[in-house]
Undergrad: 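Please find one structure pasted underneath; my questions will follow.
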Amino acid sequence: MRKRVAILISGGGSNMLALLNDMATEDHPAEPVLVLSNNPDSGGLARAAARGVATAVVDHRNFPKNRANFEAALHTELSRAKPDIICLAGFMRILSPEFVRNWAGKILNIHPSILPLFPGLHTHERALAAGMAVHGCTVHLVDETLDGGPILGQSTMDIDPDDTPETLAARLLKREHMLYPQVLREFAAGLSGTAFPTK
Ligand code: GRF
């Protein structure tokens, strides 16, 4: 049985697309069952629908100053889809410890830094300001801490002297698109009881 994957997005969804493209291959241990956004204007929603994947919107602006109600609505949508795995892919809302506990061990996130360095926002600017010689991205299990949780995979690259936050972001995004599908594939295969492939 293929593992059921829900993907949470807020924006263009290029990482989501990389995951969908990989799951479209025949031997994949997982299948997409829902793409959910907190933003009705997410370009990723149309891209998912065009691939025949169910989509849903839970607009956080309908729950002003009430994260509990927003998350309850999110939980209801997700519960309908019965996911084995939830992939955060550019999902720009912080999830409460209560929400995370409900889906413990099932939520994956991609973060544009070499965690545990630079959790939070503006990672490219911060890597440059710190004088780092390398930068990278991390896929990790989500726990109750911000960008914490066990690391499942990382990809790193050199920082060039003339790099800007924009050039770093663009170069790193290409690595994210390779890393996230690879980690999801291994994670889903692991859940099926298949041995993790060796790298
Ligand atoms: C990526 O850089 C991801 O690491 C970060 O948000 C960005 C999402 O881009 N969390 P996209 O929506 O997948 O194109």
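Nothing fancy with the numbering, it's 1 onward along the sequence. Atoms within a ligand are numbered from 1 in the order they appear, just like the ligands themselves.
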Undergrad: Which atoms of ligand 1 are found less than 4.0 Å from any heavy atom of Ile110?
TA: 4 (O), 10 (N)
Undergrad: Does the pair Asp84/Lys106 count as a salt bridge with the N-to-O cut at 4.0 Å?
TA: no
Undergrad: If you count the atoms of ligand 1 from 1 in the order shown, which ones are under 4.0 Å from a heavy atom of Gly90?
TA: 6 (O), 8 (C), 10 (N)
Undergrad: By number and element, which atoms of ligand 1 are closer than 4.0 Å to a non-hydrogen atom of Ser14?
TA: 11 (P), 12 (O), 13 (O), 14 (O)
Undergrad: Using residues 122-134 as the side-chain source, report each donor-acceptor pair under 3.5 Å to any protein atom, sequence neighbours left out, with the distance given to one decimal.
TA:
{"from": "Thr123", "atom 1": "OG1", "to": "Pro112", "atom 2": "O", "distance (Å)": "2.8"}
{"from": "His124", "atom 1": "ND1", "to": "His135", "atom 2": "NE2", "distance (Å)": "2.9"}
{"from": "Arg126", "atom 1": "NH1", "to": "Pro119", "atom 2": "O", "distance (Å)": "2.7"}
{"from": "Arg126", "atom 1": "NH1", "to": "Leu121", "atom 2": "O", "distance (Å)": "2.7"}
{"from": "Arg126", "atom 1": "NH2", "to": "Pro119", "atom 2": "O", "distance (Å)": "3.0"}

Undergrad: Hydrophobic clustering (ILVMFWY, side-chain heavy atoms < 4.5 Å, transitive) - are Met157 and Leu117 grouped together?
TA: yes
Undergrad: Pairs of nitrogen or oxygen atoms closer than 3.5 Å, one from Gly13 and one from ligand 1: do any exist?
TA: yes
Undergrad: Run the salt-bridge test on Asp158 and Arg171 with the 4.0 Å N-O cut-off and return the result as yes or no.
TA: no
Undergrad: Sorted by first residue and then second, give each side chain to side chain donor-acceptor pair (under 3.5 Å) pair with at least one member in residues 91-100; sequence neighbours left out.
TA: His60-Arg93, Glu71-Ser96, Ser96-Glu98
Undergrad: Starting from atom 9 (O) of ligand 1, find the nearest protein heavy-atom neighbour and note its residue, name and distance.
TA: Asn15 ND2, 4.0 Å
Undergrad: Would you please say whether a donor-acceptor pair under 3.5 Å links the side chains of Asn38 and Ser10?
TA: yes
Undergrad: Considering heavy atoms of the protein only, find what lies nearest to atom 5 (C) of ligand 1 and give residue, atom and distance to 0.1 Å.
TA: Pro112 CD, 4.0 Å
Undergrad: Is it true that Ile9 lies under 4.0 Å from ligand 1, counting heavy atoms only?
TA: no
Undergrad: Relative to the heavy atoms of Glu176, which atoms of ligand 1 are at a distance of less than 4.0 Å?
TA: 1 (C), 2 (O), 3 (C), 4 (O)
